[in-house]
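Bear in mind the structure is a predicted one, so any value in this text is a computation, not a measurement. Because only heavy atoms are used, hydrogens play no part in the values below, and waters and symmetry mates are left out as well, while side chains stay in. The chains referred to below are lettered A, B, ... by the order of the sequence lines, with proteins before strands, and numbering in each begins at 1.
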Amino acid sequence: MADAAIIWPPGATHEYRWIAAARGARYATPMTVRTRYAPSPTGVPHIGNIRTALFDYLLARKHGGQFILRLEDTDRARYSPEAVDGIQRSLAALGLEPDEGPGIGGPYGPYVQSERQDLYRAAAARLVEQGDAYECWCSSARLDAVRAEQQRLKQPPKYDRRCRDEAGRAESRREAEAEGRGPVVRFRTPLDGQVTLHDAIHGDTTFDVALLDDFVILKSDGFPTYHLAYMVDDEAMRITHVLRGDEWIPSAPRHLLMYRALGIEPPVIAHLPLILGPDGSKLSKRHGATSVFEYLEQGFLPDALFNFLGLLGWSLDDKTEIISREEFIAHFTLERVVKSPAVFNIDKLTWMNGVYIRDMDEALLCELFAARLDADLPPRVPRPVDRGIVRRTVPLIRERVKLLAEVAEYSDFFFAEAVHHNRDELLGKAWAHRAADAGAALARVRASLAEVAAWEHAPIETTMRALADEVGVKAGDLFSLVRVAVTGRRVTPPLFESMEILGRERCLARIEAAARAL
RNA sequence: GGCGCCAUCGUCUAGAGGCCCAGGACGCCGCCCUUUCAAGGCGGAGAUCGCGGGUUCGAAUCCCGCUGGCGCUACCA
């Protein structure tokens with residue numbers, strides 16, 4: 001009898017084997033781990049989704065299995081073609097290359113749900129035939145009314161099961177056909193019993209089936225809902241581990257019932273902790289930047305993002321923060337995924353990005369900086385930006401920059417012919433009340449610098465220090481005056497190295513211009 | 001409202017009965033280095049392990065209750 005109490009799984013041995021596998025324990029039957037990232041192309045990929053993709057990727061790589069991309073485009077109303085591209089580009093940007101997927105191919109394609117409708121219809125038909133699902137002809141207007149009434153009565157909103165039995169369905173169908181409406185297919189949820197979810201991260205949770213309603217598995221447009229589509233595909237694609245956000249836990253009991261009705265052995269299921277915004281609620285657009293692209297544009301490095309995201313809900317041990325891709329793959333286990341949600345801490349990401357910038361291969365960093373400068377420097381600067389200068393300045397500014405977006409402000413003066421001098425900034429605190437002295441000092445600096453034999457930072461520094469003594473000012477005060485004169489800024493890379501790169505001509509010209517600006 | 005998940009410094013986390021009157025990291029505050037800013041070094045503040053009961057010689061770690069936060073509650077995923 002279909003509606004009798006159900007204890008799932010009947011004999012739990014098999015699930016435990018899979019959980020053991022998920023936890024990295026030894027298991028008797030060798031199996032290939034196959035994970036999938038299955039976003040719906042409705043918008044820009046979100047940081048939380050990418051973190052799920054990352055864990056999917058890590059788990060598959062860890063076990064030498066496959067990481068699959070599948071597009072869940074069953075919601076034709078929210079479908080966005082650009083989103084498809086965004087999904088693939090965001091994965092590529094972080095180096096999470098799927099082994100199978102749309103545009104990649106693979107033995108279990110197609111990897112787009114809209115191209116697999118036969119499978120879902122067949123599954124739905126089978127369920128109807130078995131008596132585990134039925135056609136529902138109720139209008140959405142009626143459904144809304146039912147829901148509204150239930151809410152008014154402070155009852156949990158559930159489908160009232162009008163079409164569950166023959167009589168109601170026939171009546172409902174007559175109305176629908178008169179209005180030219182088609183049916184949906186609903187799952188015939190047992191009226192009571194319980195199901196237990198064995199979650200690789202959360203452990204066991206038992207749900208009361210009586211609280212569930214008869215949910216839709218096939219929509220009136222013929223497309224399946226997530227509940228049907230994902231498991232049909234996971235089964236067909238031999239997915240072994242399902243990783244998804246914690247927000248899916250409430251629908252897990254439905255899925256357990258469905259697996260059973262379809263005769264599918266459930267995969268390992270792991271619900272990942274949510275990523276929260278600063279206010280503690282689920283991360284969303286209103287928290288600001290949530291797409292990987294926004295972070296990339298700001299100048300966060302893919303490797304830093306990878307590292308940071310990998311540590312959102314997982315840790316290697318009690319002290320390791322900087323972890324390479326290879327180490328992540330070698331050590332990742334679901335067992336070490338935490339249960340509690342994590343606030344996305346951009347300050348820490350920023351710090352980490354600085355670490356990656358400082359540790360990066362210099363030639364690579366040069367290219368990054370150069371590309372950034374090509375994009376960010378004012379149009380007056382000829383393109384492509386002088387690679388020779390970039391190469392010489394990289395060692396100076398990589399120590400100072402945490403975001404690629406900051407590169408231009410640290411190095412624009414290297415590329416400009418002249419710089420703008422603001423009188424107050426030039427004088428600063430040290431010279432504020434003696435502009436004339438500052439002018440005189442600049443003149444003497446210019447004269448001395450003209451005499452420096454070799455235009456290198458060491459002799460330049462020696463000369464300037466000596467001059468500070470002669471003039472009777474603190475070296476630091478003189479340097480900061482010259483710094484602003486030469487660079488137009490108060491905060492810059494080391495002065496003498498910068499001057500060396502700038503060349504004598506431009507330095508002298510700028511010092512002269514600065515003196516005039518006083 | 002119902003159901004569920006979660007609960008260690010502001011934040012990310014370590015911790016699977018004694019090694020913890022709780023460790024690391026970001027951030028914050030000092031000091032050092034120093035031509036600015038960074039980086040780096042050193043040090044500091046910061047958690048009565050949400051609260052209350054148990055169990056135990058002993059609990060952040062086990063059990064129960066409570067509270068709080070969050071999530072779900074669609075022909076969206």
Side-chain angles (χ1 to χ4, degrees), chain A residues 38-42 49 72-75 77-78 136 138-140 143-144 147 150-151 153-159 182-186 197 199 202 205 207-208 211-213 215-227 229-230 244-253 271 273-274 276 278 280-282 308 311-322 336 338-352 354-355 358 396-402 406 410 428 461 464-465 468 474-480 482-484 487 489-496:
Chain A
S40 73
T42 54
N49 298 136
E72 308 220 325
D73 59 343
T74 54
D75 183 346
R78 295 198 306 153
C136 167
C138 292
S139 71
S140 45
L143 260 21
D144 290 346
R147 207 170 4 247
Q150 287 165 335
Q151 265 158 8
L153 296 172
K154 299 237 189 289
Q155 291 171 348
K158 286 165 60 176
Y159 173 56
V184 300
V185 176
R186 285 182 187 272
L197 167 68
D199 186 292
H202 293 272
T205 304
F207 299 85
D208 198 341
L211 266 15
L212 270 28
D213 70 351
F215 52 96
V216 173
I217 58 175
L218 202 67
K219 300 182 265 188
S220 56
D221 63 3
F223 279 85
T225 59
Y226 170 83
H227 309 300
Y230 99 82
R244 53 166 47 153
D246 271 352
E247 73 268 26
W248 286 105
I249 292 177
S251 38
H271 289 99
L274 295 177
L276 274 23
S281 68
K282 194 172 150 187
F308 181 75
L311 250 21
L312 228 43
W314 182 87
S315 64
L316 175 60
D317 55 28
D318 59 343
K319 49 200 56 164
T320 313
E321 305 285 346
I322 304 300
R336 287 195 64 82
V338 298
K339 299 176 186 176
S340 50
V343 173
F344 188 86
N345 183 189
I346 195 149
D347 281 343
K348 185 159 183 175
L349 205 210
T350 305
W351 160 79
M352 191 172 276
V355 173
R358 276 174 256 130
L396 265 33
I397 61 183
R398 70 182 306 171
E399 297 294 321
R400 300 173 158 70
V401 152
K402 290 195 175 110
E406 299 165 354
Y410 268 104
E461 176 169 1
M464 299 239 315
R465 281 192 189 283
K474 282 194 279 185
D477 289 347
L478 183 66
F479 296 170
S480 64
V482 175
R483 179 187 311 282
V484 181
T487 68
R489 293 178 176 276
R490 292 206 74 85
V491 174
T492 72
L495 180 59
F496 311 116

Looking for any heavy atom pair under 4.0 Å, which part of the strands does [X] touch: base, sugar-phosphate only, or nothing?
X         : result
Lys402(A) : sugar-phosphate
Glu72(A)  : sugar-phosphate
Thr492(A) : base
Ala475(A) : nothing
Arg336(A) : sugar-phosphate
Thr320(A) : nothing
Val401(A) : nothing
Lys319(A) : sugar-phosphate
Arg489(A) : nothing
Pro494(A) : base
Val216(A) : sugar-phosphate
Arg398(A) : nothing
Pro183(A) : nothing
Thr74(A)  : sugar-phosphate

Return the nucleotide paired to [N]: Watson-Crick means purine N1 to pyrimidine N3 with N6-O4 or O6-N4, wobble means G-U with N1-O2 and O6-N3, both under 3.5 Å.
N      : result
U34(B) : none
G2(B)  : C72(B)
A7(B)  : U67(B)
G43(B) : C29(B)

Just by distance, do the side chain of Gln150(A) and the backbone of Lys158(A) share a donor-acceptor pair under 3.5 Å?
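Confirmed, Gln150(A) side chain pairs with Lys158(A) backbone.
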Check whether any side-chain N or O of Glu406(A) sits under 3.5 Å from a backbone N or O of Lys402(A) as a donor-acceptor pair, and report yes or no.
yes
To the closest 0.5 Å, what do you measure between [atom1] ([X]) and [atom2] ([Y])?
X         : Y         : atom1 : atom2 : result
Asp73(A)  : Thr42(A)  : CG    : OG1   : 10.5 Å
Arg489(A) : Tyr410(A) : CZ    : OH    : 9.5 Å
Asp213(A) : Arg186(A) : CG    : CZ    : 7.0 Å

Residue pair Cys138(A)/Leu311(A) against RNA chain B: nearer the 5' end by closest nucleotide is Leu311(A)
On RNA chain B, nearest-nucleotide positions of Ser220(A) versus Ile249(A): which is more 5'?
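It is Ile249(A), whose closest nucleotide lies nearer the 5' terminus.
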Only pairs under 3.5 Å count here: list side-chain donor-acceptor contacts from residues 339-348 of chain A, not counting sequence neighbours, and write none if there are none.
residue	atom	partner	partner atom	Å
Lys348(A)	NZ	Glu321(A)	OE1	3.1

Considering only heavy atoms of chain A and a distance under 4.0 Å, specify the first and last nucleotide of RNA chain B in 5' to 3' order that meet this criterion.
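The footprint of chain A covers G1(B) to A77(B).
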[atom1] atoms of [N] and [M], separation to the nearest Å:
N      : M      : atom1 : answer
G68(B) : C31(B) : P     : 44 Å
C33(B) : A39(B) : C1'   : 11 Å
A47(B) : A25(B) : C1'   : 15 Å
G43(B) : U48(B) : P     : 25 Å
G24(B) : G15(B) : P     : 15 Å
C12(B) : G54(B) : C1'   : 33 Å
G69(B) : C29(B) : P     : 31 Å
C20(B) : A77(B) : C1'   : 44 Å

Centroid-centroid under 6.0 Å between Tyr226(A) and Trp248(A) rings
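Yes; Trp248(A) has its ring centre under 6.0 Å from that of Tyr226(A).
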Side-chain donor-acceptor pair present, His271(A), Asp199(A), cut-off under 3.5 Å
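Checked: His271(A)/Asp199(A) side chains pair up, N/O donor to acceptor below 3.5 Å.
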Distance-only side-chain donor-acceptor flag, Tyr159(A) / Arg147(A), under 3.5 Å:
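Tyr159(A) vs Arg147(A): no donor-acceptor pair found between side chains.
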